[in-house]
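Worksheet: the structure to be examined is printed underneath.
Residues: numbered from 1 along the sequence shown.
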Amino acid sequence: FILAQLIKKIFFLSKYFGYLVAFKIKLIYNMSIYRPQGKNRNKGVIPMVNLLTGQKGSGKTQQMIEAANLKAKECDGNVVFIKNSHSDTYSVSFDIRAICMADYPSIRNIDEYTGFLYGMISGNSDIQVIFIDGILKQSSVPLEDMARFVDRLDNISKRHNVEFFVSISASKEELADVNPEKSNFLN
């Protein structure tokens, strides 16, 4: 009888510690520092810079919100939506991290904006998609800097495996300097 109780206790403890060990292994794997990063994180997926162009009032923001909500359902990582003001925030899914650039008035040019993106990605390595709505309205970004900005986004995209969607209030003809190999025009 005592031997049976001892065997039950040993079985219970081994089962308990087995679950505990399995839980710790799962926890360690799910921590981002042990999970594959960069090229190995999403094999087969090619991150890229997608540009949505059109004149002001052509419905780009609504298209961006719909695309962001769809991406939030599809991907297993985080989706970020960067916009100029707090308007239309209610349309963005609760699964999406909405960032209002009006809350960051010290970001005034392409260099500071790029640093902001690097800081955001380094703080959360699970970001897979970043939507930037109305980049020309944000932080005094001129149209002449768009080619350089798209090049930087392409480098970030390849290095950190993040896909970008950027809406620009301009025509494709005005963005002739943008390298077509580093971006994809959606319209």
Side-chain angles (χ1 to χ4, degrees), residues 42 45-75 77-93 95-124 127-187:
N42 293 326
V45 176
I46 301 172
M48 125 173 294
V49 180
N50 300 290
L51 303 176
L52 181 62
T53 61
Q55 295 305 318
K56 185 176 180 180
S58 61
K60 295 181 302 299
T61 297
Q62 191 58 38
Q63 290 177 20
M64 292 281 282
I65 290 172
E66 289 171 6
N69 289 338
L70 186 65
K71 280 287 185 179
K73 291 177 186 175
E74 290 176 356
C75 76
N78 295 336
V79 176
V80 177
F81 195 92
I82 302 172
K83 47 194 280 138
N84 194 37
S85 67
H86 290 285
S87 63
D88 294 329
T89 307
Y90 61 88
S91 302
V92 177
S93 171
D95 298 331
I96 298 171
R97 169 75 167 108
I99 297 175
C100 176
M101 290 309 291
D103 296 338
Y104 303 94
S106 61
I107 298 174
R108 293 182 294 268
N109 58 40
I110 292 291
D111 297 327
E112 293 170 352
Y113 204 94
T114 305
F116 178 79
L117 292 173
Y118 271 119
M120 189 171 47
I121 292 169
S122 68
N124 182 357
I127 294 175
Q128 286 185 342
V129 185
I130 296 177
F131 287 84
I132 303 173
D133 185 40
I135 185 64
L136 296 178
K137 296 178 197 173
Q138 299 177 20
S139 63
S140 303
V141 175
L143 187 60
E144 297 80 36
D145 285 345
M146 285 313 305
R148 192 166 54 114
F149 184 63
V150 170
D151 287 344
R152 289 182 179 187
L153 291 182
D154 183 58
N155 289 336
I156 295 171
S157 176
K158 288 177 181 172
R159 180 175 287 157
H160 297 284
N161 206 15
V162 175
E163 185 175 16
F164 286 95
F165 288 83
V166 182
S167 72
I168 305 169
S169 294
S171 66
K172 288 182 191 177
E173 292 78 29
E174 293 175 294
L175 298 170
D177 294 343
V178 174
N179 187 346
E181 294 176 4
K182 295 186 176 188
S183 61
N184 176 35
F185 285 93
L186 298 176
N187 54 351

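- Side chains of Gln63 and Phe165 form no contact here, defined as non-hydrogen atoms less than 4.5 Å apart.
- Looking at Leu117, Val150, Asn50 one by one, the single match for side chain to side chain contact (heavy atoms under 4.5 Å, CB included) with Phe164 turns out to be Leu117.
- Judged as a salt bridge (charged side-chain N to carboxylate O under 4.0 Å, His left out), the pairs with a partner in residues 173-187 (not counting sequence neighbours) are, in order, Asp151-Lys182.
- Residues passing the side chain to side chain contact (heavy atoms under 4.5 Å, CB included) test with Ser93, sequence neighbours excluded: Asn69, Asp95, Ile96.
- From Lys71, atom NZ reaches atom CD of Gln128 across 9.0 Å, with rounding to the nearest 0.5 Å.
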Exercise answer: donor-acceptor pairs, residues 51-58 side-chain atoms, under 3.5 Å, sequence neighbours excluded:
from  : atom 1 : to     : atom 2 : distance (Å)
Thr53 : OG1    : Asn187 : OD1    : 3.0
Ser58 : OG     : Gln55  : O      : 2.7

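- No side-chain heavy atom of Ile127 sits under 4.5 Å from any side-chain heavy atom of His160.
- The two residues Leu143 and Ala170 have their closest heavy-atom pair at CD1-CB, 3.9 Å.
- In terms of modelled atom types and a separation under 3.5 Å, the side chain of Ser157 and the main chain of Glu163 share no donor-acceptor contact.
- Ile121 places a side-chain heavy atom less than 4.5 Å from the side chain of Ile130.
- The CD atom of Glu144 lies 11.0 Å from the CE atom of Met146; values are rounded to the nearest 0.5 Å.
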Give the intermediate values and the outcome of side-chain contact (heavy atoms from CB on, under 4.5 Å) for residues Arg159 and Tyr118. CA-CA 11 Å; Arg159 180 175 287 157; Tyr118 271 119; 3.8 Å; yes
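- Using a 4.5 Å cut-off on side-chain heavy atoms (C-beta onward), Ile156 and Thr114 make contact.
- The aromatic rings of Phe149 and Tyr113 lie perpendicular to each other, with more than 60° between the two planes, well past the 30° mark.
- Partners of Phe185 according to the ring-ring contact (aromatic ring centres under 6.0 Å, His included) rule, which considers only residues two or more places apart in sequence or in another chain, do not exist here.
- Summarising the geometry, atom CD1 belonging to Ile107 is positioned 10.5 Å from atom CG belonging to Asp103; distances are rounded to the nearest 0.5 Å.
- Looking at heavy atoms from C-beta onward, Val178 lies out of side-chain contact with Lys172 at the 4.5 angstrom threshold.
- Side-chain contact between Glu112 and Ser106 is absent, with no heavy atoms from C-beta onward closer than 4.5 Å.
- Considering OG of Ser169 and NZ of Lys60, their distance stands at 3.5 Å, rounded to 0.5 Å.
- By the side-chain hydrogen bond (donor to acceptor under 3.5 Å, both in side chains) test, Asn124 pairs with Asn78, sequence neighbours left out.
- Counting heavy atoms from C-beta outward, Lys83 and Phe131 have side chains that stay 4.5 Å or more apart.
- With sequence neighbours left out, the side chain to side chain contact (heavy atoms under 4.5 Å, CB included) criterion links Thr61 to Ile65, Asp88, Asp133.
- When all heavy atoms are compared, the tightest approach of Gly134 to Ser167 is N-OG, 2.6 Å.
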